[in-house]
Amino acid sequence: MKKKKILVTSALLYVNGLPHLGHVVGCWLPGDVFTRYHKTKGNDVVYVSGTDDHGTTSYISAKEAGMEPSDYIASMNARMKEIAKKLSINFDIFSGTNTQTHHDVTIDFFSEIYKNGYTEVKESSMLFCEHDKIALADRFVYGICPNCGYDKAYGDQCDKCGATYELDALGSPKCAFCGKDAVKKSTKHIYISLDKIQPELQKWVESKKDVWRPHVYAMTNKWFKEGLKPRCITRDIPWGIKVPLKGFEDKVFYVWFDAPIGYISITKELGGDEMVKDRWQNPECEIYNFIGKDNIDFHAVFFPSMELACKKYNLATNVVGFNFLNFEGQKFSKSHKVGIFCDSLLHSDIDIDALRAYLVSIFPENKDSDFTYEGFKLNTNAELVGKYGNFFNRTLNMINKNFAGELEIDFDDIKDSLDENDKEMIEAINTLPTQIGELFEKTEFRMAYKEIMRFASIGNTYLEKTAPWTLIKNGDTTSAKKVLYLCLNMAKALAIVASPIMPNRTAEIWSEQLNFAGRPDDAEQWEDASKINIKKSHKVNLPKPLFARLDDEAIEKYKAEFSK
RNA sequence: CGCGAGGUAGAGCAGCUCGGAAGCUCGCCGGGCUCAUAACCCGGAGGUCACAGGUUCAAAUCCUGUCCUCGCAACCA
């Protein structure tokens with residue numbers, strides 16, 4: 001089978017602020033599960049992410065922390081890497097946009113757009129705060145909405161009526177920091193001519209109708225109804241990538257212009273021009289963007305438009321937009337301490353795989369979902385302990401107790417004595433791993449997880465129906481061995497198919513208990529999951545519980561730990 | 001007519017793309033099993049699929065209308 005080439009990106013996080021579970025659920029974890037699946041499947045996949053280091057907010061956060069922006073960014077980036085590692089998020093690279101490579105790639109990207117005639121210069125007025133000595137763009141200025149008259153409307157958008165407009169239109173603008181009147185100054189800015197790109201973009205979006213999640217497609221189409229307008233891509237702030245054009249030396253690119261280019265520059269940082277060519281300019285390579293719903297516009301409209309204007313890089317195969325995760329029925333909020341912020345996980349002894357499994361089971365794929373401690377406890381106890389872990393435990397225990405860990409048979413020895421139960425079991429092993437794989441491929445992670453648990457249930461039911469403990473008691477060791485041999489093969493399959501979600505526990509059971517070489521997520525192992533091929537001479541080790549049962553005390557402990 | 005999401009058993013949800021006997025998990029009731037972390041397996045009770053019209057041989061699923069709920073300052077996927 002031909003290896004696929006895949007590039008997976010996870011939304012770049014703003015550098016000011018550490019991720020909370022919402023970030024993990026919206027992009028880091030799905031991207032990771034997706035990447036791990038494809039690696040196990042034997043595909044050639046690369047997973048890139050990092051931090052978005054530019055923009056006014058980052059500049060201000062650094063100032064508040066009393067640090068130079070670069071130092072601030074480096075320290076935040078290091079902490080995020082630590083958190084990703086703790087969560088077993090396996091990025092091939094986690095970098096940022098504050099690198100020389102990124103500056104070079106961005107400037108080249110812009111130069112192409114410029115050369116291709118997709119930019120225009122417009123004279124517009126800018127707002128400046130004489131008191132804070134800062135240019136006030138977008139969300140750092142408020143005033144009266146030209147559409148509805150709301151007096152706390154932002155520079156580019158009114159949150160009350162949803163209207164968007166140019167800064168010029170805002171009435172009585174005031175500085176968001178000090179509240180003093182903002183002063184208008186005339187200035188030139190560069191715009192990207194989205195209106196010229198719309199027809200081509202629309203064609204691309206149309207081709208994704210059946211690939212994207214419905215809400216992603218719907219949100220994108222809204223833009224076309226209004227018609228795309230030229231969009232300003234430069235700003236008057238001191239922190240960012242300098243615009244390489246005469247007359248614009250004191251300006252930087254708008255953060256949302258350079259941030260998505262970060263996917264390309266970070267790829268370059270990882271593997272040089274070769275890899276950029278291989279992943280961004282090779283039509284064979286599939287590109288997947290994992291993002292939260294607030295990022296859909298940028299990944300489905302603006303960045304693809306930029307790419308079309310640049311004519312150098314391929315557009316995404318799928319923009320996988322996730323909805324939001326709530327926490328115990330409320331929105332995540334740093335200021336109100338609602339939610340789990342990942343730095344508090346760093347020193348916790350919480351079982352990361354159990355957490356990952358629960359999070360996958362509630363991925364907000366089609367609508368917002370809710371994290372609850374009760375749900376976490378239930379998922380761990382009922383699914384992971386009761387169904388999944390229990391199946392391994394039952395199987396291995398019986399093989400050890402009765403046959404000293406060695407069944408000394410293979411499929412050839414049993415193929416002529418199969419009854420209905422055995423055939424159903426074999427059918428499940430032969431078909432379910434492939435089906436589960438297809439769900440991962442379609443980014444239907446919740447369903448994939450559900451199917452894995454159903455798979456384990458089939459094993460438990462099979463044990464119940466065949467009752468090998470009774471067979472042994474009655475002296476029918478041949479039948480008992482047959483049953484346990486099939487169970488052992490299913491155990492192998494279960495370890496492989498769950499490995500993208502629970503990489504640590506499955507690796508543990510693979511080598512320590514099932515006594516196989518390597519790891520369940522080794523490259524090209526996925527196909528092996530549906531095969532019944534364990535060798536005659538294979539010997540398994542004694543089982544031990546895979547997951548710990550959670551009681552109320554444990555939950556209370558986590559609650560206290562994470563609410564700090 | 002601001003925008004978006006949603007209303008399916010006591011709770012939490014899936015099913016709606018491509019109409020065809022209402023499903024899953026938990027909880028509850030009863031039974032079985034004893035290999036297993038009091039885990040596992042089977043059976044049962046419980047629903048006018050928000051409401052009203054329409055299309056159809058057939059609608060949770062398609063169309064129209066109505067009602068209700070949630071989110072939309074900031075940090076923030």
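Protein chains get the first letters and strands the later ones, always in sequence-line order, with residue 1 at the start of each.
A:K401 comes within 4.0 angstrom of sugar-phosphate atoms only, judged by non-hydrogen atoms across all strands, and of no base. Nucleic acid contact class of A:N323 (heavy atoms, under 4.0 Å, all strands): base. In this structure, A:N390 reaches the bases: a heavy-atom distance under 4.0 Å links it to at least one base atom across the strands shown. The residue A:G386 sits close only to the backbone: its heavy atoms come under 4.0 Å of sugar-phosphate atoms, none of a base. Looking at heavy-atom distances under 4.0 Å, A:F290 makes no contact with the nucleic acid at all. Using a 4.0 Å heavy-atom criterion, one finds that A:L325 contacts the bases of the nucleic acid, with or without backbone contacts as well. In this structure, A:F322 reaches neither bases nor backbone, as no heavy-atom distance under 4.0 Å exists between it and the strands shown. A:L546 comes within 4.0 angstrom of a nucleotide base, judged by non-hydrogen atoms across all strands. A:H20 comes within 4.0 angstrom of a nucleotide base, judged by non-hydrogen atoms across all strands. At the heavy-atom level, A:N393 lies under 4.0 Å from base atoms of the strands shown.
For the atom pair CD1 (A:I509) and NZ (A:K492), the distance works out to 14.5 Å, reported to the nearest 0.5 Å. One distance of note links CG of A:D53 with OG1 of A:T51; it measures 3.5 Å at 0.5 Å rounding.
B:C75 and B:U64 are spaced 38 Å apart, taking the P atom of each and rounding to whole Å. Taking the C1' atoms as reference points, B:A14 lies 10 Å from B:U8, given to the whole Å. When the P atom is compared between B:A22 and B:U48, the two are found 14 Å apart, to the nearest whole Å. Taking atom C1' on both nucleotides, B:C13 is separated from B:C57 by 33 Å, rounded to a whole Å. Distance noted for atom C1' between B:C18 and B:G65: 26 Å (whole Å). The P atoms of B:G23 and B:A45 are separated by 12 Å, rounded to the nearest whole Å. When the C1' atom is compared between B:C16 and B:G27, the two are found 28 Å apart, to the nearest whole Å. For the P atoms, the distance linking B:C35 with B:G47 amounts to 40 Å, nearest Å.
Base-pair partner of B:G46: not found among the strands shown (Watson-Crick or G-U wobble, both distances under 3.5 Å). With a cut-off of 3.5 Å on both pairing distances, B:A39 has no Watson-Crick or G-U wobble partner at all. Of the nucleotides present, B:G2 is the one that pairs with B:C72 by Watson-Crick or G-U wobble criteria, both distances under 3.5 Å. Under the Watson-Crick and G-U wobble criteria, each requiring two contacts below 3.5 Å, nucleotide B:C62 is paired to B:G54. Across all strands shown, B:C26 is found opposite B:G10 as a Watson-Crick or G-U wobble partner, with both distances under 3.5 Å.
In this structure, A:D370 places its CG atom 12 Å from P of B:G71, rounding to the nearest Å. Taking atom OH of residue A:Y373 and atom C1' of nucleotide B:A11, one finds them 20 Å apart after rounding to whole Å. The interatomic distance linking A:Q513 (CD) with B:C35 (C1') rounds to 15 Å, in whole Å. Distance A:Y358 OH to B:G12 P: 13 Å, rounded to the nearest Å. Rounded to an integer number of Å, the gap from NZ of A:K450 to C1' of B:C26 is 13 Å. Put simply, CZ on A:F341 is 12 Å from P on B:A77, counting in whole angstrom units. Spacing between atom CH2 of A:W256 and atom C1' of B:C76 amounts to 12 Å, rounded to whole angstrom units. At whole-Å resolution of the value, NE2 in A:H299 and C1' in B:A77 are 11 Å apart.
You'll find a donor-acceptor pair under 3.5 Å spanning the side chain of A:E464 and the base of B:G32, going by distance alone.
Looking at A:R79 and A:E82, no side-chain N of the basic residue comes within less than 4.0 Å of a carboxylate O on the acidic one, giving no salt bridge.
Checking each of A:L432, A:V360, A:I436 against A:I452 for a side-chain contact (heavy atoms from CB on, under 4.5 Å) leaves exactly one that passes, namely A:I436. Between A:F327 and the choices A:F332, A:F376, A:F341, the ring-ring contact (aromatic ring centres under 6.0 Å, His included) rule is met once, by A:F332.
Using cut-offs of 30° and 60° on the angle between ring planes, the pair A:Y373 and A:F562 is parallel.
The side chain of A:K367 lies closest to B:G7 when the candidates are B:C33, B:G7, B:C40. For A:A382, the side-chain atoms get nearest to B:C26 when compared with the rest of B:A77, B:A36, B:C26. Checking B:U34, B:C76, B:U37 against the side-chain heavy atoms of A:Y14 singles out B:C76 as nearest. The side chain of A:M447 has B:A14 as its nearest neighbour among B:C76, B:U25, B:A14. Ranking B:U37, B:C72, B:A77 by closeness to the A:N295 side chain, first place goes to B:A77. Here B:C33 is the nucleotide among B:C33, B:U37, B:A77 with the atom lying nearest to any side-chain atom of A:W469.
The side chain of A:R394 places no N or O atom within less than 4.0 Å of a non-bridging phosphate oxygen (OP1 or OP2) of B:A39. Applying the 4.0 Å criterion to OP1 and OP2 of B:C76, one finds that A:N16 has a side-chain N or O inside that range.
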| side chain to side chain donor-acceptor pair (under 3.5 Å) between A:D353 and A:N504, worked out | CA-CA 7 Å; A:D353 279 14; A:N504 307 302; 2.7 Å; yes

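At a cut-off of 3.5 Å, with distance as the only test, a side-chain donor of A:Y462 or A:D422 sits close to an acceptor on the other residue.
You'll find the side chain of A:F290 stays beyond 4.5 Å of the side chain of A:L29, heavy atoms only.
In terms of position on RNA chain B, the residue among A:K331 and A:N460 whose nearest nucleotide sits closer to the 5' end is A:N460.
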